[in-house]
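For the numbers below, each heavy atom of this structure counts, side chains included, while hydrogens, waters and symmetry mates do not.
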Amino acid sequence: MLGKGDSIGFERRQVRDIPLTTVKATEHRVHWCRCACGTVTAEPVPEEIAGSPSSYGPNLRVLAVYLLAFQHIPVERAAILVRDVTGAEVSTGWVASLLPEAADLVEDSLHLIRALLVLGHVLHADETTTCIGAPRRCLYVACTDCLTLLHRAPRSRPGPTWAGSCRTTKASWSTTRCRCMPDTPAAPTNRAAPI
């Protein structure tokens with residue numbers, strides 16, 4: 001009879017898989033109590049729980065925002081994907097409402113990134129047109145080796161000024177069409193405007 005001690009070697013086989021993920025409902029109960037004087041009191045509802053009787057938790061919200069903002073999946077398809085992967089029957093309205101909420105949460109970080117970009121020595125700035133909704137818009141990018149800031153605005157000369165003026169920074173601006181130093185005006189072009 002052979003055992004583990006009789007092994008003269010082995011060969012490995014590994015299988016990587018993800019666990020099945022399904023939405024799990026957690027019920028929170030807030031009890032009311034009446035004291036002897038007749039006053040009714042209750043514990044306040046925890047901040048992380050929405051005021052409605054049913055809501056979606058932070059993990060489901062993060063998944064939906066990730067699909068929209070990072071993977072660029074349209075709202076309707078993101079709602080379908082969340083439903084197919086987790087079993088949560090989310091509406092397209094709920095998914096669409098998450099982007100403004102997420103934008104509010106990162107607003108302070110964006111101010112810091114914008115300030116750090118302005119203080120940099122060399123800044124790359126570029127724009128590309130995109131069709132997001134009915135009007136044609138531009139997607140502006142400002143970046144260094146470590147920071148990237150994106151902004152969508154109407155295609156216009158004032159459009160790229162959302163992060164400050166070229167003349168208000170010590171950085172030199174490199175774009176796909178021109179390079180301008182702080183006191184040197186940029187060559188007139190529609191594609192290379194400082195942000």
Trainee: Report the distance from atom OG1 of Thr144 to atom CG of Leu116, rounding to the nearest 0.5 Å.
Mentor: 8.5 Å
Trainee: Can you confirm whether Trp94 sits close enough to Arg61 that some side-chain heavy atom of one is under 4.5 Å from a side-chain heavy atom of the other?
Mentor: yes
Trainee: Please report the interatomic distance CG(Leu150) to OG1(Thr128), rounded to the nearest 0.5 Å.
Mentor: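 Interatomic distance, Leu150 CG to Thr128 OG1, rounded to 0.5 Å: 11.5 Å.
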Trainee: Give, for atom OG of Ser7 and atom CG of Leu2, the distance between the pair rounded to the nearest 0.5 Å.
Mentor: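 Reported to 0.5 Å precision, the distance equals 10.0 Å.
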Trainee: Nearest 0.5 Å, what's the CZ-CG distance between Arg77 and Leu67?
Mentor: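 Atom-to-atom, Arg77:CZ and Leu67:CG are 10.0 Å apart.
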Trainee: Can you tell if the side chain of Leu149 reaches within under 4.5 Å of the side chain of Arg114, non-hydrogen atoms only?
Mentor: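 In short, these two side chains touch, coming nearer than 4.5 Å.
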Trainee: With a cut-off of 6.0 Å (strictly less than), are more than 12 heavy atoms of other residues, nucleotides or ligands near CG of Leu20?
Mentor: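 Open.
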Trainee: Going from SG on Cys138 to CD on Glu127, what distance comes out if it is rounded to the nearest 0.5 angstrom?
Mentor: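 Separation between the atoms: 4.5 Å.
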Trainee: For the backbone of Glu101 and the side chain of Asp104, can you confirm whether one donor and one acceptor N or O come within less than 3.5 Å of each other?
Mentor: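 No, the answer is negative, given that no donor and acceptor are paired below the 3.5 Å cut-off.
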Trainee: In terms of side-chain heavy atoms, does Gln14 have a donor or acceptor partner in Arg12 at a distance below 3.5 Å?
Mentor: no
Trainee: Would Tyr66 and Val75 show up in the same hydrophobic cluster when neighbours are defined by side-chain heavy atoms closer than 4.5 Å?
Mentor: yes
Trainee: Can you see which heavy atom on Thr92 is nearest to which on Ala79, and at what distance?
Mentor: CG2-CB, 4.1 Å
Trainee: Is Val106 linked to Val65 within one hydrophobic cluster, defined over Ile, Leu, Val, Met, Phe, Trp and Tyr using a side-chain heavy-atom separation of less than 4.5 Å?
Mentor: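 In one cluster: no.
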Trainee: Nearest 0.5 Å please: distance from the OH atom of Tyr56 over to the CG atom of Leu63.
Mentor: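 These two atoms lie 12.5 Å from each other.
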Trainee: Would you say Thr86's side chain and Val82's backbone share a donor-acceptor pair under 3.5 angstrom?
Mentor: yes
Trainee: Does anything in residues 99-119 form a ring-ring contact (aromatic ring centres under 6.0 Å, His included)? List the pairs, not counting sequence neighbours.
Mentor: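 Those involving residues 99-119 do not exist here.
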